[in-house]
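Below: one structure, written as structure tokens.
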Amino acid sequence: MATTPGFLTDWPWKHLGNFKYVILGPWIGGSVYCFIKKEEYERDWTNFLILPFLVSRMVHNQVWISFSRYRTAKGNNRIVDKGIEFDQVDRENNWDDQIILSGILLYVFNTLTCGASNLALWRSDGVLISIFLHAGPVEFLYYWLHRALHHHYLYSRYHSHHHSSIVTQPITSVIHPFAEHIAYFLLFAIPTLTTVFTRTASLVSLFGYITYIDLMNNMGHCNFEFIPNWIFSMFPPLKYFMYTPSFHSLHHTQFRTNYSLFMPIYDYIYGTMDKSTDSLYEKSLKRQEDAPDVVHLTHLTTPESIYHLRLGFSSLASMPENHKWYIWFMWPLTLWTMIINCIYGRTFILERNSFEKFNFQSWAIPRYNLQYLLKWQSQAINSFIEDAILRAEEKGSKVLSLGLLNQDEELNRNGEVYIERHPKLKMKVVDGSSLAVAVVLNSIPKGTTQILLRGNLTKVAFSLASALSRRGIQVATLYKSDYEKLKLATTTSQSNFVYSNTFDQKIWVVGDGLTEEEQMKAGKGTHFFPFSQLPPKKARHDCFYHHPPAMLAPLSLQNMHACENWLPRRAMSAPRVAGIVHALEGWNVHECGDKMIDVDQIWEASINHGFKPLAFAE
């Protein structure tokens with residue numbers, strides 16, 4: 001929002017939320033109806049192609065968003081090191097408003113203007129007119145409009161909303177108040193309306209010009225430089241007629257320079273070219289890929305989870321993972337991504353963060369939860385994990401943490417297999433078990449005297465049971481086999497293990513293997529505390545389900561703008577936090593296999609570094 005919002009700041013359909021697309025419904029319905037009912041020679045292909053064109057614009061923008069986020073996570077050619085936060089994601093979530101507006105205007109002009117219907121596919125004169133009018137009047141008028149928007153009166157009421165984003169991403173280019181967009185549409189209408197009124201318009205000149213605007217806008221707001229130097233070396237005058245991402249990035253960091261739209265010539269003419277433009281361009285091109293101090297290794301959860309990744313839909317990634325109904329309509333794309341992942345998938349960089357002069361990255365293995373349960377997939381998954389460990393070692397990483405199912409005991413003995421295969425690893429492998437235990441222990445309400453332990457008995461489960469029993473808390477189990485395993489694995493406080501036939505405990509500590517039938521037997525108001533990284537499927541509405549072991553990140557931890565799976569904003573899973581704390585503390589030990597760090601020690605270290613306990617979900 002602008003500093004002091006002016007007239008027509010909000011979009012007219014703001015309060016419709018995701019239902020704003022119904023505004024286009026009458027035009028789309030009328031277009032399809034006329035196309036079907038009319039004879040072939042009467043059909044207006046221009047009108048019919050408006051909807052596919054709008055969809056192509058959304059796809060075009062999304063491709064730029066995903067590509068830009070992937071490249072900035074890698075770090076090579078990155079321009080600005082600062083991160084993006086959740087407030088920027090929320091502010092920029094309405095990037096599709098301008099596409100809706102353009103759809104309305106296209107339908108209206110197509111209906112009311114004779115020269116805007118039944119357009120030819122190509123007309124050379126119309127294309128040339130569009131090029132010359134953009135290079136001349138549009139670029140010139142935009143330069144002075146942009147300078148006017150930086151006058152304190154207009155800046156505080158309108159343009160400051162756009163400049164709230166210091167670090168830009170492609171969709172930042174279209175984040176403006178409604179009134180400002182109207183001014184831009186009037187400006188960009190000069191070439192299109194001229195060709196329409198002179199009867200020289202064509203589908204290529206109309207849709208091609210708008211696509212050119214999208215392309216250059218997205219490119220200029222990427223936070224990485226990729227325009228090769230050889231282009232300007234071969235054609236030196238080109239620097240006056242084509243801008244670069246680093247050129248426009250300076251406008252967002254310096255505010256009073258580099259006002260031009262796509263052609264910097266007017267900044268040269270009027271003396272507003274930033275003096276560091278060339279040096280920043282060269283510096284960004286030479287920048288190498290980041291060498292992370294800590295790598296967090298995770299994987300996809302479900303086929304639909306690809307849309308919730310930071311590289312997917314930003315609006316979904318910025319919220320805890322929750323299956324939306326409209327995702328089901330994307331099953332063809334979902335199926336295609338599954339096939340590609342299974343055949344050509346490889347580990348990719350998902351996210352980067354920084355904290356206390358340390359750089360962190362999250363890498364994702366292209367495998368789903370279900371595949372971890374299939375024994376015939378074990379070799380391939382272990383190969384992915386081992387390759388990632390060796391790659392992180394080569395990059396000089398200090399710690400690699402294993403998230404979600406990567407530390408599965410049957411799959412790789414909590415990561416111990418990789419240490420045995422590569423005993424000379426300098427990097428430390430951490431599974432986060434100790435911190436997971438610490439988080440659960442410190443989440444259980446004070447005064448608790450008995451808990452019910454249910455779920456697969458893992459390394460974390462045994463450690464939790466032992467710690468709880470030492471604190472004088474009775475640990476009840478529903479199955480005799482679990483009871484006997486716990487007594488065999490623990491040498492102290494065995495009297496606190498109880499084989500129970502009742503379900504009246506108000507605190508349940510649960511893991512993978514908890515069934516819906518077992519949940520239904522719990523008393524009303526029961527609290528479920530997961531000790532596994534996967535939350536239980538909620539079967540009760542009258543009970544409280546806490547988050548899997550996780551902690552809230554310090555505010556000084558930068559570039560957090562995506563949720564980690566089903567966790568709330570700024571929450572990090574215990575393995576991810578454990579890897580960071582391991583590096584910050586400089587601990588020179590692995591935490592995998594049966595090895596664990598002192599629970600109280602890692603909890604205290606996490607708190608000292610600013611991580612906070614996470615409140616329960618519901």
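FYI, side chains are in, hydrogens and waters are out, and symmetry mates aren't considered; it's all heavy atoms of this structure. Owing to the predicted nature of the structure, the values given are computational and were not obtained by experimental measurement.
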**Asked** Yes or no on ring-ring contact (aromatic ring centres under 6.0 Å, His included) for Tyr240 and Tyr268, after CA distance, side-chain angles and deciding distance?
**Response** CA-CA 8 Å; Tyr240 300 107; Tyr268 282 101; 4.7 Å; yes
**Request:** Begin with the C-alpha distance, continue with both residues' side-chain angles, and end with the deciding distance and a verdict on ring-ring contact (aromatic ring centres under 6.0 Å, His included) for His299 and Tyr368.
**Result:** CA-CA 7 Å; His299 60 81; Tyr368 307 101; 8.9 Å; no
**Request:** Test Asn223 against Arg71 for side chain to side chain contact (heavy atoms under 4.5 Å, CB included), laying out the working first.
**Result:** CA-CA 9 Å; Asn223 187 29; Arg71 282 292 304 270; over 6 Å; no
**Check against side chain to side chain contact (heavy atoms under 4.5 Å, CB included), Arg256 and His150** = CA-CA 8 Å; Arg256 296 294 181 180; His150 277 260; 3.5 Å; yes
**Request:** For Ser173 and Met216, run side chain to side chain contact (heavy atoms under 4.5 Å, CB included): C-alpha distance rounded to whole Å, both residues' side-chain angles, the deciding distance at 0.1 Å, then the answer.
**Result:** CA-CA 9 Å; Ser173 62; Met216 297 301 288; over 6 Å; no
**Request:** Evaluate the side chain to side chain donor-acceptor pair (under 3.5 Å) criterion for residues Thr272 and Tyr143: first the C-alpha distance (whole Å), next the side-chain angles of each, then the deciding distance (0.1 Å), finally the verdict.
**Result:** CA-CA 10 Å; Thr272 52; Tyr143 174 83; 2.8 Å; yes
**Evaluation steps, side chain to side chain contact (heavy atoms under 4.5 Å, CB included), between Leu316 and Met319** = CA-CA 5 Å; Leu316 295 181; Met319 301 298 292; over 6 Å; no
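Counting only N and O atoms by type, the side chains of Ser102 and Gln98 include no donor and acceptor under 3.5 Å apart. Thr334 and Trp336 share no donor-acceptor pair across their side chains, judged by distance under 3.5 Å alone. Between the side chains of Gln361 and Trp363, a donor-acceptor pair is found at a separation under 3.5 Å. Side chains of Ser284 and Arg78: no donor on one and acceptor on the other come within 3.5 Å. Side-chain N/O atoms of Ser573 and Glu564 include a donor and acceptor closer than 3.5 Å.
Counted within 6.0 Å of CZ on Phe235, heavy atoms from surrounding residues, nucleotides or ligands total 12 or fewer; the atom is thus considered open. For Glu42, the CD atom counts as densely surrounded, since its 6.0 Å shell holds more than 12 non-hydrogen atoms of other residues, nucleotides or ligands. Open room surrounds CH2 on Trp331; 12 or fewer heavy atoms of other groups in view lie less than 6.0 Å from it.
Under the ring-ring contact (aromatic ring centres under 6.0 Å, His included) criterion, His308 pairs with no residue, sequence neighbours left out. Residues forming a ring-ring contact (aromatic ring centres under 6.0 Å, His included) with Phe262 (at least two apart in sequence, or on another chain): His134, Tyr212, Tyr243. Residues meeting the side chain to side chain donor-acceptor pair (under 3.5 Å) test with Thr200, sequence neighbours left out: Thr198. Asp90 meets the salt bridge (charged side-chain N to carboxylate O under 4.0 Å, His left out) test with Arg569; sequence neighbours excluded. A search for ring-ring contact (aromatic ring centres under 6.0 Å, His included) contacts involving His609 returns nothing, not counting sequence neighbours. Take Tyr158 and apply the ring-ring contact (aromatic ring centres under 6.0 Å, His included) test, not counting sequence neighbours, and it matches no residue. With sequence neighbours excluded, the residues forming a side chain to side chain donor-acceptor pair (under 3.5 Å) with Thr257 are Asp274, listed by chain and number. Glu85 meets the salt bridge (charged side-chain N to carboxylate O under 4.0 Å, His left out) test with Arg570; sequence neighbours excluded.
Note: Phe48 and Trp45 have perpendicular aromatic rings, judged against thresholds of 30 and 60 degrees for the angle between ring planes. Between Phe53 and Phe207, the ring planes lie parallel to each other; the angle is under 30°, not in the 30° to 60° tilted range. Taking the six-membered ring where the residue is Trp, Tyr270 and Trp144 present perpendicular rings, their angle passing 60° and hence far from 30°. Under the 30°/60° scheme for interplanar angles, the aromatic rings of Phe226 and Phe224 are found to be tilted.
Interatomic distance, Ser276 OG to Tyr281 OH, rounded to the nearest 0.5 Å: 15.0 Å. For the atom pair Asn76 CG and Arg287 CZ, the distance stands at 9.5 Å (nearest 0.5 Å). To the nearest 0.5 Å, atom CD of residue Glu92 and atom OG of residue Ser164 are 9.0 Å apart. One finds the CD atom of Glu139 at 7.0 Å from the OG atom of Ser260 (value rounded to the nearest 0.5 Å). Met58 CE to Ile65 CD1: the interatomic distance, rounded to the nearest 0.5 Å, is 9.0 Å. In this structure, the separation between OH on Tyr307 and CD on Glu321 is 12.5 Å, given to the nearest 0.5 Å.
Of the possible donor and acceptor atoms, none in the side chain of Asp290 sits under 3.5 Å from a partner among the backbone N and O of Pro292.
Evaluation of the side-chain hydrogen bond (donor to acceptor under 3.5 Å, both in side chains) test over residues 227-236, restricted to residues two or more places apart or in two chains, returns Asn229-Glu282.
Closest of all the heavy-atom pairs between Ser205 and Ser130 is CB-OG, 4.0 Å. The two residues Ser314 and Asn93 make their nearest non-hydrogen contact at OG-OD1, 3.8 Å. In terms of heavy-atom proximity, Arg123 sits nearest to Ala201 at CD-O, 4.1 Å.
Both tests pass for Arg157 against the ring of Tyr153: distance under 6.0 Å to the centre and angle within 45° of the axis.
With Tyr259 as the fixed residue, the ring-ring contact (aromatic ring centres under 6.0 Å, His included) test singles out one of His251, His248, His252: His251. Met219 pairs in a side chain to side chain contact (heavy atoms under 4.5 Å, CB included) with only one of the listed residues (Asp214, Ile227, Thr244), which is Ile227.
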Donor-acceptor pairs are to be reported for all side-chain atoms of residues 21-40 against protein atoms at under 3.5 Å, with residues two or more places apart or in another chain.
unit_1, atom_1, unit_2, atom_2, d
Tyr21, OH, Asp96, OD2, 2.1
Ser31, OG, Asn47, O, 3.3
Ser31, OG, Asn47, OD1, 2.5

Let me have the donor-acceptor pairs involving side chains of residues 177-194, under 3.5 Å, with sequence neighbours excluded, atom names and distances please.
unit_1, atom_1, unit_2, atom_2, d
Glu180, OE2, His159, ND1, 2.7
Glu180, OE2, His176, ND1, 3.0
Glu180, OE2, Tyr184, OH, 2.6
His181, NE2, Val174, O, 2.8
Thr192, OG1, Ala189, O, 3.1
Thr194, OG1, Ile190, O, 2.5

N/O donor to acceptor pairs below 3.5 angstrom from side-chain atoms of residues 352-360, sequence neighbours left out:
unit_1, atom_1, unit_2, atom_2, d
Arg352, NE, Thr72, O, 3.1
Asn353, OD1, Arg576, NH2, 3.0
Asn353, ND2, Gln558, O, 3.3
Asn353, ND2, Asn559, O, 3.2

